[in-house]
Number of protein chains: 2
Amino acid sequence: MTTEFTPPTALETFAEHPSCRVEFPEIAPFKGHPEIIGTSFSYSREEEIYGEGEEAEFVYKIVGGAVRTHNILNDGRRQITGFHLPGDLFGLESGATHRHTAEALTETRVLIFKRRQIERAAASFAEVACQLWTRATTELRHAQDLAVLLGRCTAQERIAAFLIEVDERLGGTSTFALPMTRRDIADYLGLTVETVSRTLSLMEEHGALLRSGGRRISIRHGRLRQLAGD
Amino acid sequence: MTTEFTPPTALETFAEHPSCRVEFPEIAPFKGHPEIIGTSFSYSREEEIYGEGEEAEFVYKIVGGAVRTHNILNDGRRQITGFHLPGDLFGLESGATHRHTAEALTETRVLIFKRRQIERAAASFAEVACQLWTRATTELRHAQDLAVLLGRCTAQERIAAFLIEVDERLGGTSTFALPMTRRDIADYLGLTVETVSRTLSLMEEHGALLRSGGRRISIRHGRLRQLAGD
DNA sequence: CGTAGCTTTGAGAGTTATCAAGCGTAGTGG
DNA sequence: CCACTACGCTTGATAACTCTCAAAGCTACG
């Protein structure tokens with residue numbers, strides 16, 4: 001862990017995207033409970049924030065940067081279960097230990113909260129517990145949407161849906177820099193890097209998007225939505 | 001909807017399995033809140049319990065039988081997100097509408113609860129809200145395990161993991177009748193019926209399981225676990 | 001300007017899907 | 001009680017999509 005927050009490098013154009021610095025309506029993770037305050041902290045690119053199986057002592061809220069959470073099978077296969085962007089909370093478990101590993105995609109700044117503090121608030125205030133529930137069902141919905149994508153959609157459909165989702169979460173400007181590598185995308189969508197790359201090329205040929213400088217992408221919602229089969 | 005509970009037919013041997021009739025430690029869905037009581041109701045085989053997009057007015061607890069929840073893509077592709085067995089709660093949403101369709105696999109009896117009643121209890125009692133949270137995270141874990149299976153595992157691994165899970169939930173006796181069709185299994189695991197059938201045949205050849213009469217299966221945990229890659 | 005790592009592209013193989021029959025089992029009606 | 005019908009299951013042949021292996025092209029950074 002690094003205790004200093006260093007500015008993003010040129011590579012990490014993502015961190016410079018407007019959506020990464022705007023609107024944190026609340027620093028406190030739970031409405032109406034400003035007594036739950038966090039400590040600022042930073043992680044460098046590719047740094048592990050917590051590992052699967054570790055005691056879940058802290059909860060994290062992203063201020064800037066991006067984080068991925070994943071599971072690894074015994075032979076090294078990896079399934080990324082989520083990407084987390086500024087404003088997102090992650091690392092909140094109801095069990096004793098973390099069920100995923102969390103790593104910073106880029107230079108990332110977070111606020112760290114004590115899990116015990118949140119649980120105590122939830123035990124005393126029904127409205128906090130209800131917010132926990134709402135949050136969990138939101139994640140549940142996301143995981144089930146991913147399951148539909150992985151179980152029943154083609155590579156094109158998965159990638160189209162993925163790009164649309166990333167665009168929305170980054171502000172919906174249709175132009176953005178992907179904060180993750182092709183490998184990350186592949187491990188999120190149940191594909192290989194080669195298939196991701198090839199599919200992006202195909203989409204570009206079909207005029208569904210424009211690539212520039214590797215990570216930077218401009219999408220055409222209309223055509224992409226057609227490819228998404230939706 | 002049928003208002004009478006008729007006994008399972010010979011086909012529905014599943015419903016006769018001991019695990020389907022034992023232990024309902026509590027009728028009430030939430031600990032310490034016996035005032036939340038449900039109304040008994042029955043559904044016949046393949047009957048829809050609620051549809052995706054409908055207002056989520058009720059919550060269901062299975063007394064006997066089995067239920068599946070699924071999503072359907074515009075072109076008919078189906079992803080089953082879960083199978084629900086006796087003792088399970090389903091249909092509980094935090095949003096206004098149901099995000100899945102629920103259907104009875106066999107003759108199924110449920111207890112129906114008013115969702116408003118549960119939400120009112122959650123708003124007043126933090127412990128109820130915490131139980132909602134715990135329940136949601138349990139479902140979340142399940143959905144993410146499914147995502148790993150769909151995104152990163154082979155047909156053999158998916159089916160092996162599936163059989164082990166079903167066995168556990170049916171009492172862990174290693175011998176049981178699958179309550180769902182091959183099509184249901186396929187739509188849960190992101191495969192086709194043919195692949196499910198072929199893989200089961202392969203597993204039987206390898207001595208990982210024994211089939212009798214279509215749905216009835218006896219599994220060898222050791223060999224199956226090898227195939228599950230775990 | 002060179003290096004390292006990420007990305008793209010190509011060729012071929014493999015797993016799973018698709019299309020097509022048969023088979024079996026369960027429930028039905030004579 | 002037995003044959004009939006329907007539906008689910010199994011098996012085979014072929015095709016398609018995606019993976020694997022391989023190499024070259026970019027980009028960012030030292």
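Per chain, numbering begins at 1; letters A, B, ... match sequence-line order. These figures come from a predicted structure and were not determined experimentally.
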Subject >> Whichever of A:A155 and B:T195 has its nearest DNA chain D nucleotide further upstream toward 5' >> reply: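 Upstream on the strand: B:T195.
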Subject >> Whichever of A:G213 and A:T192 has its nearest DNA chain D nucleotide further upstream toward 5' >> reply: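 Final value for this comparison: A:T192.
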Subject >> Touch class at under 4.0 angstrom, heavy-atom based, for B:T181 against every strand present >> reply: sugar-phosphate
**OP:** Identify which nucleotide among D:dC9, C:dT9, C:dA17 has an atom closest to any side-chain atom of B:L191, counting heavy atoms from C-beta outward.
**Re:**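 The answer is C:dA17, which lies nearest to the side chain.
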Original post:
Going by modelled atom types, is there a donor-acceptor pair between the base of D:dC17 and the side chain of A:Q156 at under 3.5 Å?
Top reply: no
Original post:
Considering only heavy atoms and no angle criterion, is a donor-acceptor pair shorter than 3.5 Å present between the side chain of A:E194 and the base of D:dC21?
Top reply: yes
May I ask you to verify if any side-chain N or O of [X] is less than 4.0 angstrom from the OP1 or OP2 atom of [N]?
X: B:S201; N: D:dT11; value: yes
X: B:R198; N: C:dA17; value: no
X: A:R211; N: C:dT8; value: yes
X: B:R215; N: D:dC9; value: yes

Original post:
Nearest nucleotide by nearest heavy atom, which residue falls closer to the 5' end of DNA chain C, B:T154 or A:V193?
Top reply: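 Upstream on the strand: A:V193.
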Subject >> Short side-chain donor-acceptor distance under 3.5 Å, A:H142 and A:E165 >> reply: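 Checked: A:E165/A:H142 side chains pair up, N/O donor to acceptor below 3.5 Å.
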